Amino acid sequence: MSKDEVATALEEIAILLALQGENAFKIRAYENAARTISSLDRNLAEMVADGSLGEVRGIGEALLEKISTLVTTGSLPYLEELKAAVPAGLIQMLRLPGIGPKKVKLIHDELGITTIVDLKNACIADKVAHLKGFGAKTQTKILEGIAFLDTVGQRVRIDLAWPLGQRLLAQIKAFPGVIRAELCGSLRRRRETAKDLDILCSADDAGPIMAAFVHLPEVLQVVGHGETKSSIVAALMLDGTKVVLNADLRVVKDPGFPFALAYFTGSKEHNIRLRQRAIERGLGLNEYALSGKQSVACKTEADIYKALDLDYVEPEMREDTGEVEAAEKHQLPKLIEAADIRGVFHNHSTWSDGAASIEEMANAAKALGFEYFGIGDHSQSLAFAGGLTPERVKLQWAEIDALNQKLKGIRIFKGTECDILEDGSLDFDDDLLAGFDYVVASVHTFFHLPEAKQTERVCKALTNPHVTMLGHATGRLLLRRDGYRIDLEQVIRTAATHKKMIEINAQPSRLDLDWHWVKRAKAEGVTIVINPDAHSPGELALFTYGVDVARRGWLTKADVFNTRTLNAVIKSLSR
DNA sequence: GCCGTTTTCGGCCCGACTGTTTTCAGTCG
């Protein structure tokens, strides 16, 4: 069983225990273990085998045994027993806003309800309002929640959440009396998806700001309206997609702004580490202050970290995956920035399934400030995407040569996104591949292969001397489709051995390689390349989402190939 | 269920808001 599968199993245990009314700290132990396992940067099976898993913080005797069983046998009797004891419908109920494990348990124990449908009927029959701790409002809230179940509370991709967040933020900044305002939460940490928007502002008088917030034009529903905190459901149409997200606004006094900013940026796990650190120093940290016998004045977040004897941690690294330790030892990397990117390689034109000519794409790349730009249209077997035959490849090369004569200030590279065939061979023969400046090797077919076969297939492609980089390593589509099953550990090692790069595909629906694995790839010495996989001029700008992933994966400018100068890239590709 | 220079028991981050309650539990982040 893979790391992610083990983590999912542990999360499931935590949820099932909560529904049984177990001790909250026991539940947290499972939640923590799930997170710890998914962010391990070593092979889990190896750690089970050599016993080093038991040395990991948060993994004690009981968890070690359960994880070992999961890894070696692929299942866990304890989990199966829990599942058998808890109806699946109860887990669905947890998605209802304002409804947690305690209330779900009561609904089940008192009314024998096991499905959402039964719950809805019980609410309509006015049975739920009479439960202890429930009332008419809770019952109404449950019914509203069921009606919204399919639209609200779902995670949303960052490229959709970000514009909605910015739109709300801009209006809040314009409210009279607002001194400072910022997007916090997972959006500030640049997670690939968001469940809600956390917005913070400072002002002397919170009342008018709360009132104005719940009346913004994007408000679909007011969930809460307190003195300093309000929650809304906000909606916005973006390119034909209706984006619906919960948004919370908190108002604090301006001197407390840095504390609140740190607090609401999270992650929760990172905050807990900071607070524990404050306690060790005889201080207390919350969203208002860092204080002991007297409060420690902090003008910025950096001051807070300094007061805790830590270097400043960029929001993207605040996941409690080693950043606190690194900040203590002054070993945090200086993260790459969008401005460091000098060009991109994996892009499409009308030669295959793109929407614009090579010239239009190249000019758009130049307008973004890029020095070089690579076309990597599809290869022949991908007929549905207009894959190029060898004959058309040569015609395309001639066009690129002509454009390189004509255009100034941007160099176009001849590339291909060459399909990896089922057996791991490539879709063009070696002679043709040798004629490209670079080759992106990608999987677009046979997603269903068993993990070992898929891994062997991709690793074989990586041994081809003409391959430069691996495209979208898992084929995942965020919130829509899991990636194909593949042992990324082995893929990364193979890439390292054969000196191949791995792409961070910056399409917001992909963001593949995932940041957890980016960290791992860096540790193995693999060079990363950030590509927008642009199918139109406008999509070139998506590369910044790839930079976000790189930052979450702790990459510096030096770790990323396309931060290099044109001359350095030419030199490297001609080897 | 985990952890330990306060070490094998008794803690485990903490505050806002809501809805239910006459002082608080549950939920959320």
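Note on naming: letters A, B, ... go to the chains in the order of the sequence lines (proteins, then strands), and numbering restarts at 1 for each one. Since this is a predicted model, take the numbers as computed values, not measurements.
Looking at the side chain of Asn286(A), the nearest of the listed nucleotides dC2(B), dA16(B), dG15(B) is dG15(B).
Ile99(A) comes within 4.0 angstrom of the backbone, heavy atoms only, and of no base. Ala24(A) comes within 4.0 angstrom of no nucleic acid atom, judged by non-hydrogen atoms across all strands. The residue Asn32(A) sits apart from the nucleic acid: no heavy atom pair falls under 4.0 Å. Within 4.0 Å of Ser231(A), counting heavy atoms only, lies no atom of the nucleic acid at all. Residue-level contact check: Asp196(A) touches the backbone only, with heavy atoms under 4.0 Å from sugar-phosphate atoms and none from bases. Note on Lys66(A): only backbone sugar-phosphate atoms sit closer than 4.0 angstrom, heavy atoms only; bases stay farther off.
Atom CG of Leu249(A) and atom C1' of dG29(B) are 15 Å apart (whole Å). For His270(A) and dC14(B), the NE2 to C1' distance is 16 Å, given to the nearest whole Å. Atoms NZ (Lys132(A)) and C1' (dA25(B)) sit 9 Å apart, rounded to a whole Å. Between Leu64(A) atom CG and dC3(B) atom P there is a gap of 11 Å when expressed in whole angstrom units. Counting to the nearest Å, the P atom of dC14(B) and the CG atom of Leu290(A) are 13 Å from each other. When rounded to the nearest whole Å, the span between CZ of Arg95(A) and P of dT27(B) equals 17 Å. Per the geometry, NZ belonging to Lys102(A) stands 6 Å off P belonging to dT27(B), to the nearest Å. Atom CD of Glu287(A) is separated from atom P of dC28(B) by 18 Å (rounded to the nearest Å).
Looking at Asp198(A), its side chain never comes within 3.5 Å of a backbone N or O of Asp248(A) through a donor-acceptor pair.
Between the side chain of Tyr263(A) and the base of dG29(B), at least one donor-acceptor pair of N or O atoms lies under 3.5 Å.
When side chains are defined from C-beta on, Pro87(A) counts as touching His108(A), because their heavy atoms get closer than 4.5 Å. At a threshold of 4.5 Å between non-hydrogen side-chain atoms, the residues Leu53(A) and Ile67(A) count as touching.
Ring to ring, Tyr312(A) and Tyr305(A) are close: their centroids are under 6.0 angstrom apart.
Partner assigned to dA16(B) is dT27(B), using Watson-Crick or G-U wobble distances below 3.5 angstrom.
Note: Lys3(A) NZ to Ser38(A) OG = 8.5 Å, rounded to the nearest 0.5 Å.
Here Lys195(A) reaches the OP1 or OP2 of dG29(B): one of its side-chain N or O atoms lies under 4.0 Å away.
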